[in-house]
Amino acid sequence: MFSWQDCWLGILYHPQRSTIFPYALSPFILEFAIGNSIFFLIGAKINRNPYFQKTLIKTPLMLRDEYSNTIRSTLSLLSRHPAFLGALIGILAACSQALLISAGGPEAYGFCVACHTRDMVNGITNIVAHTDLALAAISKNSLLPVLSVAGVLIGGYIASTFHREHKIRKGTKKEYFIYFIAGVLVLNLAMIFGGCPYRAALRTGYGDLTAVLFIVAMAAGVILGAYLMLKKAEKEAV
Amino acid sequence: MATGILPKEAAVFFVPLVTLLLGLLIGYLAQRSGYCSIGGFRDYFLFRHTRLLSGYLTLIVAAFVGYLIFWFLTPAAMEHFFWAFTSGPATPIPGAPGGLNTVAYLIFSVIPGFLVGFIAVLLGGCPIRQTVMASEGNYKAAWFFIGMCAGSILFAALVSGWVVALMKALGFGV
């Protein structure tokens, strides 16, 4: 059963585990977060307001337009760099595990395309058709299964329409068939290991040596495939 | 039983919500950055470009740092984190078919890893890249995603049992 001594907030009132260090930092973190979010929400609008410009001639540096533009361009550069997303997935996966692990389920399960597709499809099939397909415990216990793959689809759609990169690209029926079979194969192989490349990375960070083996074997497979592609391209060029 | 920040009654309610928001953020940024793990290895091998590879390597490091931070904050939520010394390093975190010994899990990581890398590089992207390309309007990637959906039912109904039976017949059972 749930008890306050096992709960994270309960550490504050727990005599043995109580430590002042993380909580001593919290006012500074809160001030940084709240101050910056207020600045992003209304800082630029205040600057363009003529009344504000007349009354307060000397605006502080943080509220100037040029400064906010620099921050904005830095943010857009950051959001287009893969390393930023990698750091974000790692931290947020750990955060979601710390939040939600009480619902059950495997550890290092914050984000995984193959496992979460399996959970979403099988969980919804179980609800709709009253079947009993295998699931991770976190999806079996919760109200709905994990929906991060649906989130990825919606997020990708929003980003591509917002930046005008959404474009219908069609293929032939043979290509569709090959991609379908490849999807079935990739999901089954990934589930035999217990995760796609992303969960392999999370498991490596969690201290699982089999995931390191998976990444090394994946790199070997990629090198073989890229080598074959290179050979084929050279043959076509000649 | 691991205990997180939320009690079980609340966590059960928040699982779909939190994962949906996480997926939205990851999908948006993955579309902007063209994030791809297999593309990272491919670009490094073919052209010595490190942009995409840096994303994947950062993921591994950030996962370690994130789990370390949250292990420090909530030790009850990270039972088998390796600094907690509660399990051996070769014991896999559950998720694969169960009831087999360690050698079987090593085989399960090498052979599928090689084949996933080989198939995905010929298709031109790892699962997340295919999912994002499907949302961008690529019909081939959409068929890949439909194949993943069909494969998940196939795995749960048939393949999982076949693989465990095969490994037990080969003598890798517990």
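So that the names make sense, note that chain A is the first sequence line, chain B the second, and so on, each numbered from 1.
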message: Determine whether A:Phe84 and B:Thr58 satisfy the following criterion, side chain to side chain contact (heavy atoms under 4.5 Å, CB included), listing intermediate values before the conclusion.
response: CA-CA 8 Å; A:Phe84 177 68; B:Thr58 316; over 6 Å; no
- request: Just do the side chain to side chain contact (heavy atoms under 4.5 Å, CB included) check on B:Val12 and A:Leu100 with the steps written out, would you?
  value: CA-CA 8 Å; B:Val12 162; A:Leu100 303 172; over 6 Å; no
Side chain to side chain contact (heavy atoms under 4.5 Å, CB included) assessment of A:Asn141 paired with B:Lys8: CA-CA 9 Å; A:Asn141 295 338; B:Lys8 192 180 176 183; 4.2 Å; yes
message: One pair to check against side chain to side chain contact (heavy atoms under 4.5 Å, CB included): B:Phe114 and A:Met218. What are the steps and the verdict?
response: CA-CA 5 Å; B:Phe114 187 81; A:Met218 191 183 78; over 6 Å; no
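Heavy-atom pairs under 4.5 Å with chain A peak, among B:Leu22, B:Leu57, B:Leu17, B:Val65, at B:Leu22. Interface remark: of the candidates B:Ile38, B:Ile111, B:Leu52, B:Ile38 forms the most heavy-atom pairs closer than 4.5 Å to chain A. Each of B:Ala62, B:Gly66, B:Ala156, B:Ser109 has some count of heavy-atom pairs under 4.5 Å with chain A, and the biggest count is that of B:Ser109. Contact tally against chain A (heavy-atom pairs below 4.5 Å) for B:Gly40, B:Cys36, B:Ser152: the top residue is B:Ser152. With chain B as the partner, the residue from A:Cys196, A:Ala219, A:Gly171, A:Ala182 showing the most heavy-atom pairs under 4.5 Å is A:Ala182. Comparing B:Ala63, B:Ala10, B:Gly137 by how many heavy-atom pairs each has under 4.5 Å with chain A, the most go to B:Gly137.
For chain B, the nearby parts of A:Ala98 are the backbone and the side chain; heavy atoms of each come within less than 4.5 Å. No part of A:Leu135 comes within reach of chain B, as not one of its non-hydrogen atoms sits under 4.5 angstrom from that chain. For A:Leu88, the part lying near chain B is the side chain, with the backbone staying farther off; criterion is any non-hydrogen pair under 4.5 Å. Only the backbone of A:Pro145 has a heavy atom closer than 4.5 Å to any heavy atom of chain B. Contact annotation for B:Val18: only side-chain heavy atoms (C-beta onward) come within less than 4.5 Å of a heavy atom of chain A. For A:Phe177, no part sits under 4.5 Å from any heavy atom of chain B, backbone or side chain. Proximity to chain A (any heavy atom under 4.5 Å) is restricted, for B:Leu46, to the side chain, taken from C-beta onward. Both the backbone and the side chain of B:Phe14 have a heavy atom closer than 4.5 Å to some heavy atom of chain A. At a 4.5 Å heavy-atom cutoff, the contact between A:Phe111 and chain B is made by side-chain atoms alone. For A:Cys95, the parts lying near chain B are the backbone and the side chain together; criterion is any non-hydrogen pair under 4.5 Å.
The main-chain N or O of B:Leu29 is never found under 3.5 Å from a side-chain atom of A:Ser79 such that the two would form a donor-acceptor pair. Checking side-chain atoms of A:Gln97 against main-chain N and O of B:Ala77 turns up a donor-acceptor pair under 3.5 Å. In terms of modelled atom types and a separation under 3.5 Å, the side chain of B:Ser33 and the main chain of A:His81 share no donor-acceptor contact.
Using a 30° and 60° split on the angle between ring planes, B:Phe144 and A:Tyr179 fall in the perpendicular class, above 60°.
A:Thr210 places none of its side-chain heavy atoms less than 4.5 Å from the side chain of B:Val110. B:Thr19 has its side chain out of reach of A:Ser96: every pair of non-hydrogen atoms, C-beta onward, lies at least 4.5 Å apart. Looking only at side-chain heavy atoms (C-beta outward), A:Ile215 and B:Tyr56 come within less than 4.5 Å of each other. In this structure the side chain of A:Phe180 reaches within 4.5 angstrom of the side chain of B:Ile146, judged on heavy atoms. Counting heavy atoms from C-beta outward, A:Phe162 and B:Tyr28 have side chains that approach closer than 4.5 Å.
Between B:Pro7 and A:Ser102 the shortest heavy-atom distance is C-CB, 4.1 Å. Across every non-hydrogen atom of A:Gly221 and B:Val121, the tightest pair is O-CG1, 4.4 Å.
Every salt bridge (Lys or Arg N to Asp or Glu O under 4.0 Å) that B:Arg32 has, sequence neighbours left out, goes to A:Glu165. By the side chain to side chain contact (heavy atoms under 4.5 Å, CB included) test, B:Cys149 pairs with A:Thr117, A:Val121, B:Phe145, sequence neighbours left out. Taking B:Thr131 as the reference, nothing meets the side chain to side chain donor-acceptor pair (under 3.5 Å) condition, with sequence neighbours excluded.
Annotation: B:Tyr67 is in aromatic contact with A:Tyr206 [ring centroid separation under 6.0 Å].
Going from atom CG of A:Leu144 over to atom CZ of B:Phe13 covers 10.0 Å, rounded to the nearest 0.5 Å. How far CD1 of B:Ile128 is from NE2 of A:His116: 11.5 Å, rounded to the nearest 0.5 Å.
None of A:Val113, A:Asn188, A:Val184 except one satisfies the side-chain contact (heavy atoms from CB on, under 4.5 Å) rule with B:Met148; the exception is A:Val113.
Contact residues of residues 222-231 of chain A toward chain B are A:Val222, A:Ile223, A:Leu224, A:Gly225, A:Ala226, A:Tyr227, A:Leu228, A:Met229, A:Leu230 (heavy-atom distance under 4.5 Å).
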